[in-house]
Amino acid sequence: MSTPAKVLVIEDEKQIRRFVRAAVEEEGCQVSEAESMAQGLIEAGSRQPDLLILDLGLPDGNGIELIRDLRGWSDVPVLILSARSQENDKIDALDAGADDYLTKPFSVGELRARVRALLRRRSRSGEAASPVVEFGAIVVDLSRRLVSRAGEPVHLTPIEYRLLSTLLAHPGKVLTQRNLLREIWGPSYIESSHYLRVYVGHLRQKLEDDPTQPKYLLTETGVGYRFQP
Amino acid sequence: MEASARSPDAGKASPTGRNIGLTILACLGTAAVATPLLGHLDLANIVMLFLLTVLVISVKLGRNAAVLASILSVLLFDLFFVSPRFSLAVSDIQYLVTFAVMLVTALTTTHFTSVLRQKAQEAEVREQRTQGLYQLARQLAGSLTKEQVIEISEAFIKEQLAAQSAILLPDETRHGLVAASANALPVESHLALVALESGKLVRSDEVSGLGYAPLYLPLGGSMRIRGVLAVKFANDHLEPTPATLSLLEALASLVAVALERLHYVEVAQGTEVKMLTERLRSSILSALSHDLRTPLTAMVGLADSLFLIKPALPAVALETAQALHEQSARLAGLVGNLLDMARLNAGEVTLRREWQPLEEVVGAGIKLLGNALAEHPVKVDLARDLPLLNFDAVLIERVLCNLLENAAKYAPPHTAIELSAQRQGEFVEVAVKDHGPGFPSERRDELFNMFVRGQPESGKPGTGLGLAICKAIVEAHGGRIRADNLPAGGACVSFTLPVGNPPVVEEEVA
């Protein structure tokens with residue numbers, strides 16, 4: 001283990017900060033705290049954290065603004081904490097550049113898992129990306145555009161392949177519908193979310209053991225999709 | 001002038017005693033003035049003097065006085081100026097021609113003058129009415145309430161036509177009419193309804209004798225008839241002239257436009273109030289949701305963090321921590337249910353509908369429940385030909401979660417829960433079946449009401465909101481939900497979603 005990862009927690013409720021700090025420290029990270037958006041931005045600039053945990057409902061402004069600001073000069077992973085009734089806020093935050101979200105209330109176990117996943121991605125981004133991605137019985141060779149399932153080749157259409165490779169390029173990250181539609185079909189399809197849903201369905205038929213209870217290509221209801229390696 | 005303007009239909013027909021007196025005086029005066037001139041003037045010129053008098057009288061006093069003056073003038077001329085004087089006898093026959101010409105000329109003058117006079121009078125009345133209507137239109141345009149409109153128009157009818165009136169507006173059902181002001185004018189509501197429904201003027205002279213208004217005009221707006229105007233003239237037996245009727249019609253359409261304008265102002269205000277209420281409600285709910293969830297989040301997390309303390313706490317303490325976690329999580333669930341119910345119950349639910357396969361929310365819902373389904377494997381059986389459905393994914397996921405959670409709560413451990421869906425005509429039916437005890441049959445209809453639980457005293461946790469939330473969500477989507485017991489035992493809750501017109505997804509050329 002090299003230097004411990006630095007995590008910044010921006011949350012206005014003291015008790016939530018307390019247990020979040022305890023949970024993140026348990027992962028071997030160095031934690032700093034901020035309780036407002038203004039303070040959070042300063043801390044993010046001066047400490048250069050490796051991960052940002054951000055509550056969306058800050059007293060002095062919307063967390064989404066903070067993400068937009070932050071994305072101007074940093075690509076540090078951002079984990080959002082939000083209440084369940086704020087689907088639109090989640091989508092806006094993810095579109096603005098957040099990586100993942102947790103819905104309040106959440107358990108320490110869930111939090112630790114998300115933190116681990118996001119930090120793993122950071123450490124991996126240093127290495128040369130491997131052209132081969134494996135999950136379950138599936139092997140995807142991105143350099144040769146080949147997909148196989150338990151050794152058998154799987155035929156994907158061009159759109160299915162593009163969708164798969166987009167999801168694979170961001171393991172663990174929640175990709176919003178808008179994001180995927182823009183990336184794969186182009187800006188004029190942003191309102192045609194049924195295309196995306198139908199093609200995700202095709203991919204699951206071809207790649208998941210039980211397409212109705214997928215393990216890798218997960219739906220974030222009302223928000224988007226996530227590839228869970 | 002004022003009197004004739006108010007009642008143009010009455011009055012001028014019969015000359016008053018005063019007019020007769022004036023006429024006689026004027027003719028006698030002319031005779032008196034002309035008598036000393038008898039020696040100096042030719043008789044033809046004296047005739048001229050009489051004709052002048054007739055002309056003046058017909059201008060000033062009207063047709064009947066002038067006719068009287070014409071005859072009188074001929075008689076006086078004969079009596080005082082034509083020899084033999086002071087006798088109606090005529091010595092020279094040619095004067096008979098003079099009399100005849102004089103009479104015809106006088107009567108013709110009378111006729112033309114009075115026609116002119118009448119035309120002038122009518123023009124003046126018209127002018128006055130136009131002026132009145134113009135002012136009325138201005139007043140109505142500035143009116144802010146229905147009461148003002150009614151007051152303005154009733155005052156107008158009283159002033160212009162010396163008539164009583166009442167405006168009747170449709171009641172809420174639009175099948176009846178109610179008088180808009182506490183007006184004393186009795187109306188025959190049957191006739192008013194006929195006017196409202198036919199959109200045509202209704203008249204009945206029979207009822208006027210009984211004190212009812214005889215005339216009913218529909219107030220025709222651009223969209224529909226806005227009400228009825230009932231009118232009763234001071235003189236019941238007088239036929240209203242076409243001018244009066246057209247004035248009333250003009251008035252009716254002005255009133256209708258004013259009422260229509262007020263109606264739309266009302267509609268617009270109502271919409272705005274509704275929007276504000278909706279916004280206020282949703283901001284209260286989200287503030288409440290935030291304020292309730294924050295301490296719950298802290299409780300769940302802090303209970304968990306007790307496990308992180310090193311050295312580890314004694315097993316008893318950890319057990320308590322686990323219980324704290326579970327209870328706060330349950331509380332969070334209940335709060336969530338209550339807030340959702342409040343949101344769903346508060347009015348129209350705003351659905352974020354999108355076309356999507358059902359399969360997707362099924363998978364997401366099962367995953368969301370996670371541990372709650374650990375002891376109940378879910379068997380999913382979705383028909384392969386299911387169309388895309390147009391629904392709010394978050395809410396339908398909620399329905400599925402509630403149903404699966406219920407099934408897991410009541411069915412004995414290690415029994416399967418079956419989730420199936422198939423198309424049935426214009427709907428897709430989704431069913432969740434379990435192998436539990438089923439619903440107590442006598443309470444099945446009430447299950448979907450709020451705070452009703454299948455087994456009121458059961459030890460299972462719950463508020464009796466789960467199924468009520470499901471029902472609200474399904475019905476907002478245009479579907480139906482029902483609870484049944486399976487013949488083989490176990491409960492089955494099924495709901496439908498309308499198929500609609502799914503969009504076409506073009507198949508890719510692979």
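Per chain, numbering begins at 1; letters A, B, ... match sequence-line order.
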Partner set under side-chain contact (heavy atoms from CB on, under 4.5 Å) for B:A407, not counting sequence neighbours: B:I417, B:V432, B:D434
Over 12 non-hydrogen atoms of neighbours within 6.0 angstrom of CZ in A:R18: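 Atom CZ in A:R18 is not packed in, count stays at 12 or less.
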A:L119 and A:V115, any side-chain heavy atoms less than 4.5 Å apart: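 Heavy-atom side-chain distance check passes, below 4.5 Å.
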Side-chain touch B:P387/B:R423, heavy atoms, less than 4.5 angstrom: yes
Polar side chain donor-acceptor pair, B:H435 to B:E418, under 3.5 angstrom: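 The answer is yes; a qualifying pair exists.
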Donor-acceptor side-chain pairing of A:Q177 and A:Y225 below 3.5 angstrom: no
Contacting region of [X] [heavy-atom separation from chain A under 4.5 Å]:
X: B:L382; answer: side chain
X: B:L308; answer: both
X: B:V335; answer: neither
X: B:L388; answer: side chain

Structural part of A:L218 lying under 4.5 Å from a heavy atom of chain B: side chain
Toward chain B, the part of A:R112 with a non-hydrogen atom under 4.5 Å: side chain
Heavy-atom pair count under 4.5 Å with chain A, highest-scoring of B:L339, B:I396, B:I366, B:V362: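 The candidate making the most pairs under 4.5 Å is B:I366.
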Pick from B:V361, B:I309, B:L302 with the largest number of heavy-atom pairs that fall under 4.5 Å of chain A: B:L302
Worked verdict on B:T496 versus B:E429 for side-chain hydrogen bond (donor to acceptor under 3.5 Å, both in side chains): CA-CA 4 Å; B:T496 56; B:E429 190 188 61; over 6 Å; no
Distance, nearest 0.5 Å, that separates CG of B:D304 from NE2 of B:H325: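 Between B:D304 CG and B:H325 NE2, I get 5.0 Å after rounding to 0.5 Å.
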Close approach to chain B in residues 196-207 of chain A, criterion heavy atom under 4.5 Å: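 A:R197, A:V198, A:Y199, A:V200, A:G201, A:H202, A:R204, A:Q205 fall under the 4.5 Å cut-off.
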For chain B, the option from A:E160, A:H194, A:K215 that forms the most heavy-atom pairs under 4.5 Å: A:H194
Centroid-centroid distance, A:Y195 to A:Y189, less than 6.0 Å: yes
Ionic contact status for B:K471 with B:E475, cut-off 4.0 Å: yes
